[in-house]
Amino acid sequence: MAKKLHIKTYGCQMNVYDSDRMADVLAPLGYSNSDDASDADMVIINTCHIREKAAEKVFSELGRLRLWKEAEAEQGRQVKIAVAGCVAQAEGEEISRRAPWVDVVVGPQAYHRLPELVANIDPAARRAVIDTDFPVEDKFDFLPEEHTPRGPAAFLSVQEGCNKFCTFCVVPYTRGAEFSRPASSVLDEAKRLIAGGSVELNLLGQNVNAWAAEGTDGKEWNFARLLYELADLDGLKRLRYTTSHPRDMNADLIRAHADIPALMPYLHLPVQSGSNRVLEAMNRDHSRDDYFRIIDDLRAARSDMAISGDFIVGFPGETDQDFADTLNLIARVNYASAYSFKYSPRPGTPASMRDDQVDEDVKSERLAGLQQLVSAQQLAFNKAKIGQEMDVLIERPANRAHQKAGRSPWMQAVHFPATSGEIGDIVKLTIVDAHQNSLSAEAIATQ
Ligand code: 5AD
Ligand code: SF4
């Protein structure tokens, strides 16, 4: 019988990808995706553990789901609740104890086993079926090849986990050690996505540019090589990757940006701080000058390269001077966009145990200052596009009637009249207005 599955996704793009794959895994059991949680037969929340705020949301969401489950039970409907993602990985037992109405807890490396886990649910047990293993088998070998079309721009996971152990970060603990998917597995999925109508692939990994694995020739390939091979696939028009670490931005990869036209001129390259002292304490293993050199080389390889970043303010021991160094780095790099966060102490990480934590109000003040600077840079970057013609990949109807929405090569959202082109087309549009987070374009002139 047809059943409805609703997945609510928090956190990074890797979770967005994983949520799609969970839907693929459950499709053979009769589940189809539904945007509506209220009439679902199963709800999965795919969670994020990166900052405390994100993790806290899980328990408030679970409180709401409990009421829903009880109300449905009164109507004679047995609905299922599953928790996936990094909070599931880090706090599996705790979730089951604090929220015994949860049926399944599944970690990011075990979700290919969802059918088995769902089959093992015992409604009388009042405890979840938990699977937070890092299995020896590769989940990608067990995920179904069949998947629902992902739209013109699709995510493709190529690498997971992290060995770098930045002292603030939980990822090495929740996602485990670095693992790269073999090239043949990546290329096969890429071909299937293209056959399903995707023209842009965005390669995902916690350390995507650390990707290194066996190539189709049996030799070890690096990430640049994988990009060249993917760019050669028929029907692929755009290629992106995220998130990269400065340490793995090698000369081959920078050259790929000069060589491969499909590789879009936008790179998310987090630096976290502009202070050498803080970078060292974070265990980033590079200096601010190393970062500047990489940016300069990227821009020499491709002059229209736009950079985006992540920043943490208020890392333990961060002084006014350290923060001034961060602002100065931002001024020098000139970002097209940036994500910034107050440092959030995470359980088990070295930085959380330091006794020189920064006051909350100092963090708030620094965050506001930093965000003001990057917002101004982003707006200037967007405004500089006014009057330009650019290629836009049409991705979806826009929220406003009679409009469509797409993306520029630089990842900017572009809105334009719906008469221009079809979803999946790349069209040339003239930018007529620019806003903080998007561009407006006019219709294509008809001859
Ligand atoms: N506190 C605040 N921000 C963090 N990030 C990772 N860990 C923390 C933390 N403990 C940020 C980093 C990273 C992004 C995904 O989240 O900037 O690049
Ligand atoms: Fe976390 Fe650092 Fe690994 Fe990124 S590189 S996932 S910030 S430990």
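In listed order, ligands and their atoms are each counted from 1. Along the sequence shown, residues are numbered consecutively beginning with 1.
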Within the 4.0 Å heavy-atom shell around Ile50, which atoms of ligand 1 are there?
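Checking each atom against Ile50, I get 5 (N), 6 (C), 7 (N), 8 (C), 9 (C), 10 (N), 16 (O).
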Ligand 1 atoms in contact with Asp310 (distance to a heavy atom under 4.0 Å)
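Answer, ordered by atom number: 13 (C), 14 (C), 15 (C), 17 (O), 18 (O).
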Any N or O of Tyr343 closer than 3.5 Å to N or O of ligand 1:
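Not met; the criterion fails.
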Please determine if Gln272 has a nitrogen or oxygen closer than 3.5 Å to a nitrogen or oxygen of ligand 1.
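Yes - when backbone and side-chain N and O of Gln272 are compared with those of ligand 1, one distance drops under 3.5 Å.
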So between Ser344, Pro345, Pro270, whose heavy atom ends up nearest atom 1 (N) of ligand 1?
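Minimum heavy-atom distance to atom 1 (N) of ligand 1 goes to Ser344.
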Arg302 side chain to Leu263 main-chain N or O, any donor-acceptor pair under 3.5 Å?
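Looks like yes, one N/O pair under 3.5 Å.
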Inspect the contact between Asp103 and Lys69 and indicate whether a charged nitrogen and a carboxylate oxygen are less than 4.0 angstrom apart.
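Asp103 and Lys69: salt-bridged.
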Under-4.0 Å salt bridge between Glu280 and Arg277
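Looking at Glu280 and Arg277, the cut-off is not met.
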Between the side chains of Asp290 and Ser287, does any donor sit under 3.5 Å from an acceptor?
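The answer is yes; a qualifying pair exists.
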What part of Lys342, side chain, backbone, both or neither, has a heavy atom within less than 4.0 angstrom of ligand 1?
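Backbone only; the side chain of Lys342 stays clear of ligand 1.
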Heavy atoms only, cut-off 4.0 Å: how does Phe341 contact ligand 1, side chain, backbone, both, or neither?
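Answer for Phe341: side chain.
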Are any non-hydrogen side-chain atoms of His435 and Asn382 less than 4.5 angstrom apart?
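Sidechains of Asn382 and His435: no contact.
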Quick one: closest heavy-atom pair of Trp68 and Ala40, and the distance?
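It is CZ2-O, 3.4 Å.
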